[in-house]
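Encoded as structure tokens, the structure appears first; notes follow it.
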Amino acid sequence: MPDFKPAEMMTIAAARALSNDDVCFVGIGAPSAACNLARLTHAPDITLIYESGTIGTRPDVLPLSIGDGELCETALTTVSGPEMFRYWLQGGRITIGFLAAAQIDKYGNINTTVVGDYHKPKVRLPGGGGAPEIAISCGEIFITARHQKRVFVDKLDFITSLGHGPNGEGRAAFGVHTKGPTKLITDLCVMEPDPETLAFTVASLHPGVTREAVRDETGWSVAFADSVEETPPPTDEELTVLRDLQARTKAAHAAG
Amino acid sequence: MPDFKPAEMMTIAAARALSNDDVCFVGIGAPSAACNLARLTHAPDITLIYESGTIGTRPDVLPLSIGDGELCETALTTVSGPEMFRYWLQGGRITIGFLAAAQIDKYGNINTTVVGDYHKPKVRLPGGGGAPEIAISCGEIFITARHQKRVFVDKLDFITSLGHGPNGEGRAAFGVHTKGPTKLITDLCVMEPDPETLAFTVASLHPGVTREAVRDETGWSVAFADSVEETPPPTDEELTVLRDLQARTKAAHAAG
Amino acid sequence: MARIMPLGEAVAQCVTDGASLAMEGFTHLIPHAAAHEVIRQGRKDLTVMRMTPDLIYDQMIGMGCVAKLIFSFAGNPGVGLLRRLRDAVENGWPRAIEIEEHSHAAMANAYEAGAAGLPCAIFRGYRGAELKRVNPNIKSVICPFTGEELAAVPALNPDVAIIHAQKADKQGNVLIEGIVGVQKEAVLAAKAAIVTVEEVVEDLRGLHPNLCILPHWTVDCISVVPGGAHPSYTQGYYPRDNAFYTEWDAISADRDGFLAWMDEHVLKSGPEDFARHAGKGA
Amino acid sequence: MARIMPLGEAVAQCVTDGASLAMEGFTHLIPHAAAHEVIRQGRKDLTVMRMTPDLIYDQMIGMGCVAKLIFSFAGNPGVGLLRRLRDAVENGWPRAIEIEEHSHAAMANAYEAGAAGLPCAIFRGYRGAELKRVNPNIKSVICPFTGEELAAVPALNPDVAIIHAQKADKQGNVLIEGIVGVQKEAVLAAKAAIVTVEEVVEDLRGLHPNLCILPHWTVDCISVVPGGAHPSYTQGYYPRDNAFYTEWDAISADRDGFLAWMDEHVLKSGPEDFARHAGKGA
């Protein structure tokens, strides 16, 4: 087993969840790394869409922002903002929406708006951006986040975008009929919603990670699937391609 | 005074009503000839828009259809159908909408839908196309039509697009706040709405045309302005430019 | 995922009796070859929609393929009326057809709403116009901020969209240039889409970033039919055959003349016969 | 009708205290030079709107120009939070600001509605999301055909839109290429519009027919400011200065450091200082 960092395992596990036929709405940061890693390994024909309007983009380095020139230069086509949100996202054409989270609860609801009271926030976060509609319009949602207690909270300060409902009442209660969050991929494990409770439950632990470690960093009383697997470790190819991508990215952004 | 045909006088009188600063939504047929004549004479910078999506077009020959290739090739830009009707027409950016009519009443309401009953028509006409919204969204409307009793009727079989209301009740009654039809240019005369009654009233008679001739071809009891002018006859330049345009057009379409 | 296949196969795969069909093209890029194929395959009871039904819908109506027409301007552009459509509406020949009539703005907005996955479109339209009296699919909504009443029409979501375009690439991405009309919207609004193209090129990437391109995963079937828009035109390939549009007025003037023309030029012909109208790529 | 004039004149003519202002650009083509000019002219009590307020709004807020912010994502893209915005929202420094918060979909639809002359936009949005609890400008309408409840937001119609673009021609027509965002919509929705451009060329006609072009009669003022989008980028001219976006995090970390930077790089500078960032035309 090659040597790897937890963040690398997270990105690689997320990449594996994507297939060649997916049309993926990509958030910036870890989702972008995972989506492009998938494209550069097992899913060369995956369609990546960034909310800046770039469709079918194939960046050689990871963009720093959601709208770097590289995304447009390598895209099949670049459309306007209204068209992106109307025809492509709301039109129901996206199979996977890939989100990051500042706070997430056990039902996959996400907060990226405020810590504390909305009107008197302790920390004013950037806000929802595309997430409220990505969360409801894509076929399903993958979420990726560092596994930390301040992120994996029992109760969100604010619901920016819908998961399976604040009380796990399910999405239909909100008139939403897409699948919602089906995978939560962290640097410790992969979680999936329990079919009954809809609460995120550990499906596989990354190599070397204990149940205790997951419990320590999860703000809710975390459940484990009946048979928890070990996440297959990164392959040499996966690690090499990811590290090359990140090295190219670092060099390009430093030069900028 | 050069020799000219009534149809030429109509086109020339219509062209004169347009100015260099106008942004004009152009219908096919006589309106197209008038708008391009204006562009080739006194209004070289007039903006012509055809509902096919072509903006700022400068055709060398008159298009046979509303979407001939010539319109696109000479346009500043060509936009999609939804954008044309949303941003450009409904957006209130057009100063003059130029319409033709199969039937028109004295208040400038137009029928291009059916002769006879809608559900059992005697003649099924093409329908409204862009006209219902051109009639309400443009700053004002010019209408051009051959002056014939079967066109200038007392009562329309069907109101395809709004003028000043079926009973001259004014446009505000329909929630419309643009000026509506301000000029009706025929091969006999130029008519304008009476400020009180809103009924089209003869403002000027083309050279050689009598009041009797107008009365004979008008299906309503036509009024004349207090001082009816004589329409200035075509100038040599106007006639030459129009005839050249029509000759080029004829040659191009025969060759097509 | 787009597959490149002969037009006959594409139509057989996608178009069934009773289907709703949008064959769009605003004067430019009208899919004549595909319409002829639908007629040859003898499809019946179709609901056909189009902003500007012209010769191809006149032909389909005259051949009895059509049960219902949704439209906003039914004319032979620059020439006059559609005689086969008139015969169907006025006399029920060869069969009565139902019509649902809108304005251009309504149809364009309805396709846009269809592409955008919305159930309806709202716009400022139809004020003082009588169509809303005869078309129950024209309703209204009130703006919750200003109280203004706006017109509403249902989204158009055809079972099948069929369009003609300049080019596809080998992956099945499609490029449309020039007067683009509502073709992109019709394809995105439809459950299935067929695109006939003048030619297939290696790759559409690297052209200008903001062109009108349909990704391969939005299209089902691509058929290479050079000249397939004739007598309409394909910008960059061949001009509009204005003379034919004028001729059509005489061809369609009576039923027998129409049927004879259709027999020779449609029933006994094939997509390959359009090739003689094809021009050079740009 | 567009007139070409110096940026200082354009801003002085169009932007008044208390005006509502949309300075759009989605990562690409952000009008930095124009924002600096607004700050230099000392405008106050502005309502500023933008999908992605980043450095320029952070600067305007930190300099006390802003009374209200309408937005959907307020971050330093790829870097983190906006520290001057946070200081205003969390601590009221240098003044308290009102915020009206939406999603990207809502803002994009609201600009689209503004450009389309509609009072509101409808879309399928905000379901299960809490913003509608805190933003009274999120309402709903019922589809009259299906009964589905859709979200509604008021159209955005700023007093002034300011954008940066690649080129204008001598008549004042403007070309925008690449990631075009909502710039066309912002200009068409606004009562007045200023466009800064990299260069003026003879004529934009004859390029591809379907490019994103604003006709001269939709724009009021055009100012030639090469490099005017730096540290954002202009496709075909110069790349994004990613290093500066990272630096901004430190520059804006405390009030004094921020004010010192603004004094040197904005108050004591001018549009011509952007020229050193300009690149070559495509």
Side-chain angles (χ1 to χ4, degrees), chain A residues 28-29 51-54 63-69 71-73 78-86 89-90 109 111-113 118-137 156 158-163 165-166 171 173-176 252-256, chain D residues 24-28 51-52 54 71-82 85-86 89-90 99 101-109 111-112 115 123-131 133-134 148-149 177-185 212 233 235 239-246:
Chain A
I28 217 65
E51 66 190 8
S52 53
T54 52
L64 182 70
S65 81
I66 204 92
D68 280 18
L71 293 175
C72 176
E73 283 158 17
T78 297
V79 302
S80 75
E83 179 176 330
M84 176 50 63
F85 288 98
R86 288 177 70 80
L89 182 59
Q90 183 178 263
N109 305 293
N111 173 23
T112 53
T113 304
Y118 181 80
H119 296 287
K120 290 192 179 123
K122 267 186 275 187
V123 184
R124 175 63 237 197
L125 299 168
E133 284 75 25
I134 293 172
I136 62 174
S137 295
L156 298 180
F158 192 89
I159 298 180
T160 306
S161 40
L162 180 69
R171 296 159 64 83
F174 301 89
V176 178
H253 292 176
Chain D
E24 274 294 346
F26 201 95
T27 315
H28 183 213
M51 289 175 69
T52 54
D54 57 6
F71 76 107
S72 43
F73 184 89
N76 180 344
V79 178
L81 305 173
L82 293 176
L85 167 63
R86 279 189 60 185
V89 172
E90 296 168 15
I99 65 171
E101 186 168 1
H102 287 282
S103 66
H104 277 350
M107 292 280 288
N109 274 288
Y111 277 121
E112 204 272 353
F123 62 109
R124 189 178 292 110
Y126 287 131
R127 290 185 183 173
E130 217 171 334
L131 269 184
R133 180 176 62 76
V134 296
E148 184 179 358
E149 186 178 336
E177 299 182 298
I179 292 176
V180 295
V182 294
Q183 282 98 304
K184 182 175 188 172
E185 286 75 16
C212 179
Y233 70 106
Q235 190 100 33
R240 192 166 188 267
D241 184 352
N242 282 322
F244 184 82
Y245 278 87
T246 307

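Just so it is clear: chains get the letters A, B, ... in the order the sequence lines come, proteins before strands, and each one is counted from 1.
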Examine distances only and state if a side-chain atom of [X] and a backbone atom of [Y] form a donor-acceptor pair shorter than 3.5 Å.
{"X": "D:D54", "Y": "D:T27", "value": "no"}
{"X": "A:D68", "Y": "A:S65", "value": "yes"}
{"X": "A:T160", "Y": "A:T112", "value": "yes"}
{"X": "D:N76", "Y": "D:V79", "value": "no"}
{"X": "A:N109", "Y": "A:G165", "value": "yes"}

Top contributor to chain D contacts, counting heavy-atom pairs under 4.5 Å, from [options]:
{"options": "A:G127, A:G175, A:G129, A:S80", "value": "A:G129"}
{"options": "A:L71, A:V176, A:L162, A:L89", "value": "A:L162"}
{"options": "A:V123, A:L125, A:I66", "value": "A:V123"}
{"options": "A:P132, A:G130, A:G163", "value": "A:G130"}
{"options": "A:G81, A:P126, A:A135", "value": "A:P126"}
{"options": "A:S137, A:G67, A:P121, A:A131", "value": "A:G67"}

Using heavy-atom distances under 4.5 Å, tell me whether [X] contacts chain D through its side chain, its backbone, both, or neither.
{"X": "A:T54", "answer": "side chain"}
{"X": "A:E133", "answer": "side chain"}
{"X": "A:F85", "answer": "side chain"}
{"X": "A:E73", "answer": "both"}

### Query
Could D:E148 and D:R127 be called an ion pair, given the rule that one side-chain N must be under 4.0 Å from one carboxylate O?
yes
Report the distance from atom [atom1] of [X] to atom [atom2] of [Y], rounding to the nearest 0.5 Å.
{"X": "A:R124", "Y": "D:E101", "atom1": "CZ", "atom2": "CD", "answer": "4.0 Å"}
{"X": "A:F158", "Y": "A:L156", "atom1": "CZ", "atom2": "CG", "answer": "10.5 Å"}
{"X": "D:E112", "Y": "D:F123", "atom1": "CD", "atom2": "CZ", "answer": "12.5 Å"}
{"X": "A:I159", "Y": "A:T113", "atom1": "CD1", "atom2": "OG1", "answer": "10.5 Å"}

Taking every heavy-atom pair that is under 4.5 Å apart, which of [options] has the most such pairs with chain A?
{"options": "D:G125, D:G78, D:G128", "value": "D:G128"}
{"options": "D:V180, D:V182, D:I179", "value": "D:I179"}
{"options": "D:H28, D:E90, D:E185", "value": "D:E90"}

Heavy-atom contact with chain A under 4.5 Å, split by part of [X]:
{"X": "D:Y126", "value": "both"}
{"X": "D:I99", "value": "side chain"}
{"X": "D:M107", "value": "neither"}
{"X": "D:F71", "value": "side chain"}

### Message
Assess the residue pair D:E130 and A:Y118 against the criterion (side-chain hydrogen bond (donor to acceptor under 3.5 Å, both in side chains)); give the C-alpha distance rounded to whole Å, side-chain angles, the decisive distance to 0.1 Å, and a yes or no.
### Response
CA-CA 10 Å; D:E130 217 171 334; A:Y118 181 80; over 6 Å; no
